[in-house]
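Proteins get letters first, then strands, A, B, ... in listed order; numbering begins at 1 in each. Keep in mind that the numbers below use all heavy atoms, side chains included, and drop hydrogens, waters and symmetry copies.
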Amino acid sequence: MLKTVQKTNAGRFFEDYCIGQMIDHAVPRTVGTGERAMYHALYPARHVLYSSDAFAQFSGLAASPLDDMIAFHVVFGKTVPDISLNARANLGYAEGRWLKPVWPGDTLRAQSEVIGLKQNSNGQTGVVWVRSRGLNQHDETVLEYVRWVMVKKRDPESPAPETMVPDLAEVLEPAALVVPAGLDFTRYDSTLAGEPHRLRDYTVGETIDHVDGVTIEEAEHMMATRLWQNTSKTHFDGTMRDDGSRLIYGGHVISMARTLSFNGLANAQMIAGLNAGSHANPCFAGDTVRAWSEVLDLAETAAPGVGAIRLRLVATKGGAPFTLRDDGGKYLPHVLLDLDYWALMPL
Amino acid sequence: MLKTVQKTNAGRFFEDYCIGQMIDHAVPRTVGTGERAMYHALYPARHVLYSSDAFAQFSGLAASPLDDMIAFHVVFGKTVPDISLNARANLGYAEGRWLKPVWPGDTLRAQSEVIGLKQNSNGQTGVVWVRSRGLNQHDETVLEYVRWVMVKKRDPESPAPETMVPDLAEVLEPAALVVPAGLDFTRYDSTLAGEPHRLRDYTVGETIDHVDGVTIEEAEHMMATRLWQNTSKTHFDGTMRDDGSRLIYGGHVISMARTLSFNGLANAQMIAGLNAGSHANPCFAGDTVRAWSEVLDLAETAAPGVGAIRLRLVATKGGAPFTLRDDGGKYLPHVLLDLDYWALMPL
Amino acid sequence: MLKTVQKTNAGRFFEDYCIGQMIDHAVPRTVGTGERAMYHALYPARHVLYSSDAFAQFSGLAASPLDDMIAFHVVFGKTVPDISLNARANLGYAEGRWLKPVWPGDTLRAQSEVIGLKQNSNGQTGVVWVRSRGLNQHDETVLEYVRWVMVKKRDPESPAPETMVPDLAEVLEPAALVVPAGLDFTRYDSTLAGEPHRLRDYTVGETIDHVDGVTIEEAEHMMATRLWQNTSKTHFDGTMRDDGSRLIYGGHVISMARTLSFNGLANAQMIAGLNAGSHANPCFAGDTVRAWSEVLDLAETAAPGVGAIRLRLVATKGGAPFTLRDDGGKYLPHVLLDLDYWALMPL
């Protein structure tokens with residue numbers, strides 16, 4: 001590599017990406033029960049499969065895996081210095097799949113492939129699509145997802161690359177979801193899990209107000225975001241905004257909403273697929289985050305007793321539950337997150 | 001169980017309890033060294049038996065157990081959705097006993113038996129007494145205690161149950177305390193433990209001002225309370241009070257006071273019994289918590305070198321130490337906690 | 001030991017120290033992956049050797065050791081009740097050496113030897129020099145350093161001790177640095193480590209602006225300081241200052257600056273030596289901490305592929321990078337820390 005005078009990482013600009021480029025992200029991370037304890041301190045996490053080794057073993061797993069969102073955050077955090085340090089906006093997610101559980105003691109690394117490029121008409125920015133993968137110490141892919149971000153150009157005069165917009169599935173087919181080896185919900189204990197509602201008790205179109213609210217503090221979201229080694233300045237540096245507040249990492253809102261959704265969806269145990277996601281409005285310390293869900297689909301899987309539920313998960317900072325967009329189709333100002341995902345649930 | 005449209009847990013009301021009812025609480029939890037690290041970050045915890053494997057092994061234990069209050073908080077947190085989600089007040093504790101150490105890797109679950117009921121004269125609320133137990137993965141009881149709470153009635157018109165007030169010991173006899181198997185303080189190293197004072201150095205009636213103060217922040221008490229999977233809304237939702245503050249979980253004050261009491265009671269190592277406890281006044285972020293203790297009793301145990309000290313532990317948010325009640329017998333407004341417990345101490 | 005009425009620890013005063021005195025500090029501590037997770041949550045720590053077991057093993061170590069600063073903070077915290085509870089100022093560090101990695105599961109204890117005493121001319125205070133050591137459960141010294149503090153006298157009338165100012169090295173010779181057994185950087189993977197710059201890419205006199213800033217919250221620095229069982233009241237008690245703020249532990253600033261320096265010094269992996277350090281100005285919550293470094297020296301070691309880089313690390317709370325002192329030689333008011341240390345870096 002070239003020896004440079006400038007040793008700090010200025011991040012990549014739109015011109016620095018090309019189709020087919022493979023980026024190995026830095027700083028692999030060994031994760032364990034310490035990260036799990038932090039996750040429980042930062043979020044109201046209660047899904048029992050991630051709380052109890054005994055319950056996980058009774059469900060056919062070797063032990064309680066780390067929360068699926070821990071895997072997501074660690075992989076996402078690794079991609080930040082290469083993908084989103086100069087990003088203006090995180091535009092979307094698609095085709096996210098959790099392929100292997102992450103166990104305490106696993107070491108995760110991440111890589112991304114550039115699969116789409118499109119310069120914006122203003123010539124100042126462009127959209128970059130990457131397929132990111134998290135791999136464990138056995139080089140097994142534990143997680144993959146597509147993300148696209150709007151990135152600044154270093155030089156507005158530089159020529160636009162050939163436009164390439166990837167063809168992405170709007171929704172993962174249930175058959176594309178991977179159920180962890182051994183998972184068996186035929187002897188599922190609803191009392192220990194916290195709620196009686198199984199897949200058969202939900203209907204498509206049903207909505208659930210998760211009721212509880214959490215008012216967020218600066219210290220908490222910064223600790224969470226640091227824990228995933230996410231280096232985006234905007235989450236930590238209070239001098240970037242006049243009021244000293246720091247923009248909260250969108251993933252913090254995802255984890256907050258997902259864990260709040262325990263109340264009404266306690267049996268939506270493992271996240272298996274991420275179909276789509278929008279960070280509709282920014283979140284700041286002092287906001288009180290609430291969540292509601294809508295059942296989008298129900299499916300079976302090949303694993304014993306294991307079904308899949310497709311959910312819309314909406315996080316808000318006020319406003320009435322079940323309100324999402326205005327008449328013009330724009331997200332209402334109190335909507336923080338609109339996520340579309342698949343979870344595994346006992347039949 | 002009945003299939004309901006309403007899927008979120010609204011909690012139990014006074015009418016939902018009956019004498020003899022056994023409630024298995026949800027979401028067992030595997031606890032470990034991650035929770036211990038969090039405990040050390042959240043509280044000024046220095047009791048050496050919970051800090052050093054080497055010291056614990058020298059004292060006849062297999063390793064350093066998790067802090068007794070971690071066990072208490074985990075069990076207490078599990079009971080919240082079933083016992084105190086609609087509670088107006090946490091009225092008291094009695095007959096608390098720590099029966100087995102909790103080791104890193106243990107999985108705890110909780111159950112409660114309803115042992116008392118008494119409707120209040122206003123017909124709006126009633127008092128529920130439960131004996132709660134924490135069990136490990138071997139179905140051994142690690143902890144038990146009685147707690148009583150004032151719970152709202154769903155329907156003020158519903159008939160009152162037969163009044164049943166349990167007969168509870170005001171104080172546990174020393175003989176009822178359980179010393180962990182193997183515990184031996186005959187070679188106790190006071191230098192490593194931090195203070196020279198042993199059981200023989202304390203006298204009944206002696207008071208100790210623990211001197212140090214900790215000013216509490218919202219982020220800290222919320223992380224602590226979440227860590228124990230305590231779901232009581234009032235600790236997290238800043239919209240419930242006009243000033244945005246959140247009521248601090250009473251157990252946070254107990255742990256803060258207990259760990260502050262190291263300074264003067266460094267050798268009061270293990271908590272063995274909880275005789276009584278009152279959360280005298282609410283605690284909020286910004287309060288500076290201090291603590292003082294009074295020696296209530298001294299006793300021997302059958303274990304080598306192991307004595308028991310009965311202590312009153314008082315947490316305050318201002319005011320002079322050793323002041324507790326006004327002339328009318330009411331707790332002074334600066335008193336947060338009045339706890340009566342037994343700890344094991346080298347003779 | 002003498003039975004005293006006063007049971008709390010009032011700390012030592014200047015008269016309580018004498019040359020040659022050995023102090024065994026209390027409360028040994030078992031540290032593990034929980035403390036590592038907390039460290040990652042509290043600081044933007046990304047040095048790969050402390051993040052990935054796989055990387056550490058590839059570099060010849062058994063596993064990823066705990067961060068060198070965790071070892072420092074734990075040892076430092078243990079010394080506080082005996083050395084700096086009544087200190088007016090932490091004046092300096094010298095001859096700090098990391099001698100053995102600290103592994104998850106190790107139990108650390110600390111001892112200090114008084115090596116210097118000098119009463120100040122005002123007769124109110126004196127300077128105490130101690131050489132502190134951290135030892136693991138095998139009685140191996142993992143860390144040693146000299147620190148000197150200004151301590152209050154109990155009685156200004158008490159006679160001054162004979163002045164003894166230790167002869168301390170201004171800078172450790174590279175040959176005095178200890179490289180962990182087995183460490184081998186000949187197959188070092190710069191991509192995984194995050195930056196391409198190796199020892200040969202740095203030149204003496206070069207300065208690096210680490211660019212990123214972190215705005216500190218009360219909850220964070222208190223959790224960090226508690227985690228190391230540091231009992232200094234001034235970090236926790238908001239009633240000690242009119243504005244309710246708490247003085248931030250100087251070590252928190254060291255860890256913040258060191259981890260921020262990843263951006264530009266990602267390959268300065270292990271801290272091997274501490275030559276000097278000044279806490280130039282106090283740090284409070286709300287300050288945005290930034291860091292810059294200056295390369296002071298470059299050296300080889302006997303270990304394969306392992307070089308040593310001597311760095312000045314400066315933490316600031318504003319002001320332009322690379323500004324340090326005013327014309328009179330006094331630290332500028334925005335300078336928080338001026339640290340001089342050796343780190344191990346691939347050649």
For residues [X] and [Y], determine if any side-chain heavy atom of one lies less than 4.5 Å from a side-chain heavy atom of the other.
X         : Y         : result
His40(A)  : Arg226(B) : no
Thr215(A) : Asp237(B) : yes
Met38(A)  : Met223(B) : yes

- For each of Pro44(A), Ala193(A), Ala63(A), Gly318(A), tally heavy-atom pairs with chain B at distances under 4.5 Å, and name the one with the top tally. Pro44(A)
- Note: vs chain B, highest number of non-hydrogen pairs under 4.5 angstrom among Val214(A), Asn263(A), Ile208(A), Leu265(A) is Asn263(A)
- Message: Using modelled atom types and a 3.5 Å cut-off, is there a donor and acceptor pairing between side-chain atoms of Asp53(A) and backbone atoms of Gly105(B)?
- Response: no
- Is the backbone N or O of Gly34(B) less than 3.5 Å from a side-chain atom of Thr33(A), with the two atoms forming a donor-acceptor pair by type? no
- Query: Taking everything shown except Arg88(B) itself, do over 12 heavy atoms lie less than 6.0 Å from its CZ?
  - Reply: no
- In this structure, are over 12 heavy atoms from other groups packed under 6.0 Å from Lys100(B) atom NZ?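 Incorrect, the count does not exceed 12.
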- Query: After noting the C-alpha distance and the side-chain angles of Asp201(A) and Lys7(B), does the key distance pass the side-chain contact (heavy atoms from CB on, under 4.5 Å) rule?
  - Reply: CA-CA 10 Å; Asp201(A) 300 313; Lys7(B) 291 205 168 61; 4.3 Å; yes
Using non-hydrogen atoms and a 4.5 Å limit, figure out which bit of [X] sits close to chain B: side chain, backbone, both or neither.
X         : result
Tyr43(A)  : backbone
Leu42(A)  : both
Ala54(A)  : both
Asp189(A) : neither
Ala45(A)  : backbone

Is it the backbone or the side chain of [X] that comes under 4.5 Å from a heavy atom of chain A, or both, or neither?
X         : answer
Pro81(B)  : side chain
His235(B) : neither
Thr107(B) : side chain

- Message: Between the side chains of Arg246(B) and Glu217(A), is the shortest nitrogen-to-carboxylate-oxygen separation below 4.0 Å, so that they form an ion pair?
- Response: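 Judged by the 4.0 Å cut-off on N to carboxylate O distance, Glu217(A) and Arg246(B) do form a salt bridge.
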- Message: For Thr288(A) versus Gly238(B), what's the shortest heavy-atom pair and its separation?
- Response: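 Result for this residue pair: OG1-N, 4.4 Å.
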- Task: Assess the side chains of Arg29(B) and Ser64(A): does a donor N or O sit below 3.5 Å from an acceptor N or O?
- Result: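 Absent: no donor and acceptor within the cut-off.
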- Task: For the pair Thr239(B) and Arg290(A), evaluate side-chain contact (heavy atoms from CB on, under 4.5 Å) and give the outcome as yes or no after the intermediate values.
- Result: CA-CA 11 Å; Thr239(B) 67; Arg290(A) 294 175 201 280; 3.0 Å; yes
- Query: Considering the options Val27(B), Thr8(B), Asn9(B), which one meets the side-chain contact (heavy atoms from CB on, under 4.5 Å) requirement together with Phe262(A)?
  - Reply: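 Exactly one pass, corresponding to Val27(B).
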